[in-house]
Amino acid sequence: MPRSPSPSPPAGQPSTASDAGDAVKAIYVFANEKGGMTDINRGKINEIIAQLSQSSAYTAKLLKSDRRVDETVALLQQKLQRSDEGARRSAAAVVARQVAALEASRRADRCCAVIDFDMFYAAVEIRDRPELADKPVAVGGIGMISTANYVARRWGVRSAMPGFIGQALCRQLVFVRPDFAKYTAVAEVARAIFREYDPKMTAGSLDEAYLDLTDHLHKRARDGGGGGAGDDSGDCDGGGEGERRGTALTGEALGELAGEVVGEIRARVKEATRGLTTSAGIGPNFLLAKIAADVRKPDGQFCTGWSREAVLSFLAPLPVRKVPGVGRVMEKARARKDGAASAVCELLSRAAEARLLFTPGSADSLLRKSLGWEEGGREEAAGEALQKGISCERTFRPTGDEAELGETLRRLCASLAEEMAARQLRGRTVTLKMKTSDFDLLTRDSSAARPVGAAEELQARAVMPLTVAD
DNA sequence: TCTTGAAGGACCC
DNA sequence: CGCCAGGGTCCTTCAAGA
């Protein structure tokens, strides 16, 4: 029984004056537009979100933490004012040296790709329920939406948005419960294909894969129809460590071949998953490939190029938030004098400042990233990357009832112990994480002499710091 | 002085 | 009416030990 006849997203009239506070709007304003959200009235959507959020404890927390960030930024500004000429000059000199060194070692012999499913969870669900295809769909619940399809995004519904707000933005929004077992199985199908191209491929998450295509491309150039030119005979690929010199395949030639290969991978994945599309980024390292993966979303691919000019002209105009690792706080800390967000080129032109303000490690990382250099995120990680921790958390209605809290803790410990037993894991440090009704996060931990894993042990350790603290 | 542990945060999907 | 996740990693800061 369809009730409302073909409703459409909010049209583009300017929204009238509102009572939602500007501060609230500033917090929830869309930092950047995700794909599929081009023709909507952002003002209207922001208005609805601000109205609904205005008086929530969650918003109060965000405003508070935002003020704290502002204070920190102000302190940084003062620090900059007070810095003397000498310090500034030497910071600039250090930066100049670093830039020169990085540029001198820019490589053109490696090719990385990041491949990402488009609206993964939602795509899987729609594939299995085709009648949802042209409806606005959100995977998640009233508490939180983890993925929205492109129809829903036209109303402003997006991932990481609480479900009730999604519903207010789009009354026809269809909610689908996530089914992680299903998504894991689909991801595994894709990963099997990825491994054919890079056996050491790593997964950033269920829907995201990092592939170093260098070896595969060389092999293909040698075996394939490339005419055999530039093929140094007698190279032993037994010790293949990803960096093979002596082959002429570099830069743009690498990129061209990579484009074909990635197209092939994506087609195979689409076929094997019965129609799921992916987007991909290709570049000289994972940082650039990752940023590039966002460019032609959905169902497309983009290659950054290898030369300094190509890389910098790609990066320079991007807002800093596009750089992996730069979040809300760093964006604010590096905002321009007028408060507007900086682009990557400003990160670069103000690199000496950053060196005075942040720890050397942070400043380095920022500089390398703004030159498109850092081997971002997933690098080969040397050994097999062991998982560092395992957790189980649940949000529930606020309560002060100790029996109830105790029971919740017991259940969490039981379910965590079960998971740990299934995976044959144990740990030495047990951390209890608590969220208060005003969204403050607290952690307390307790370390055992030897690794523990049983529910009772976890529970005892989790309760211990609670009784000691508050 | 260099490590280590604990607590808190920033960030990512 | 009221509803803002859950799984991680890595970094920084501070205090205490070795």
Side-chain angles (χ1 to χ4, degrees), chain A residues 24 27-28 31 34 49 52-62 65 68-69 72 114 116-117 119-121 138-147 157-168 175 177-178 180 183-184 187 202-210 290-291 293-294 320-333 358-366 369 376-379 381 385-398 412 415-416 419 428-435 437-448 465 468-470:
Chain A
V24 175
I27 283 189
Y28 289 107
K34 287 288 244 183
I49 295 172
L52 285 170
S53 304
Q54 224 173 166
S55 52
S56 70
Y58 182 77
T59 295
K61 193 247 348 200
L62 273 193
S65 85
R68 249 201 22 249
V69 171
T72 309
V114 172
D116 220 331
F117 278 103
M119 50 168 197
F120 186 46
Y121 302 166
V139 176
I142 204 69
M144 186 56 65
I145 291 169
S146 48
T147 321
V157 180
R158 22 177 355 195
S159 54
M161 172 180 275
F164 72 94
I165 288 180
Q167 209 162 38
F175 285 89
R177 282 273 151 213
F180 292 101
Y183 311 146
T184 305
T202 59
S205 63
L206 275 183
D207 72 335
E208 186 184 57
Y210 291 73
K290 167 81 175 144
I291 299 174
D294 216 40
V320 295
R321 267 311 277 277
K322 293 280 184 188
V323 177
V326 175
R328 226 183 85 240
V329 173
M330 182 54 86
E331 178 186 36
K332 209 157 190 180
F358 306 123
T359 63
S362 306
D364 284 356
S365 158
L366 216 48
K369 284 174 177 172
R378 333 279 144 190
E379 207 46 22
L386 289 175
Q387 189 174 351
K388 302 295 168 82
I390 182 168
S391 68
C392 178
E393 60 185 75
R394 216 58 56 185
T395 300
F396 47 90
R397 324 310 309 296
L412 287 171
S415 118
L416 183 58
E419 181 66 23
R428 220 168 55 75
T429 303
V430 177
T431 302
L432 176 69
K433 177 171 156 189
M434 294 157 286
K435 180 153 70 182
S437 53
D438 30 308
F439 296 90
D440 282 329
L441 290 177
L442 306 172
T443 61
R444 294 293 179 268
D445 56 38
S446 152
S447 295
V468 176
D470 38 356

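Residue numbers start from 1 in every chain, and the chains themselves are labelled A, B, ... in the order their sequence lines are given, proteins ahead of strands.
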Set of residues satisfying side-chain contact (heavy atoms from CB on, under 4.5 Å) with respect to A/Val114, sequence neighbours excluded: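 Listed in chain order: A/Glu208, A/Tyr210, A/Phe286, A/Ala289, A/Lys290, A/Ala293.
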Partners passing side-chain contact (heavy atoms from CB on, under 4.5 Å) against A/Ile390 (at least two apart in sequence or in another chain):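 Listed in chain order: A/Gln387, A/Leu416, A/Glu419, A/Met420, A/Arg423, A/Leu425.
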Results of side chain to side chain donor-acceptor pair (under 3.5 Å) for [X] - residues two or more places apart only:
{"X": "A/Thr431", "value": "none"}
{"X": "A/Ser205", "value": "A/Asp207"}
{"X": "A/Asp364", "value": "A/Gln98, A/Arg355"}
{"X": "A/Ser447", "value": "A/Thr429"}

Quick test: give all pairs of protein nitrogen or oxygen and nucleotides 1-3 of chain C nitrogen or oxygen below 3.5 Å, distance rounded to 0.1 Å.
from  : atom 1 : to       : atom 2 : distance (Å)
C/dC3 : OP1    : A/Arg397 : NH2    : 3.3
C/dC3 : O5'    : A/Arg397 : NH2    : 3.2

Which residues satisfy the salt bridge (Lys or Arg N to Asp or Glu O under 4.0 Å) test with [X], sequence neighbours excluded?
{"X": "A/Arg328", "result": "A/Asp66"}
{"X": "A/Lys433", "result": "A/Glu393"}
{"X": "A/Asp440", "result": "A/Lys64"}

Between the protein and nucleotides 1-4 of chain B, list every N/O to N/O distance that falls short of 3.5 Å.
none

Contact letters for nucleotides 10-18 of chain C, in which S counts primed atoms plus P, OP1 and OP2 and B counts the base, heavy atoms under 4.0 Å: S-S------
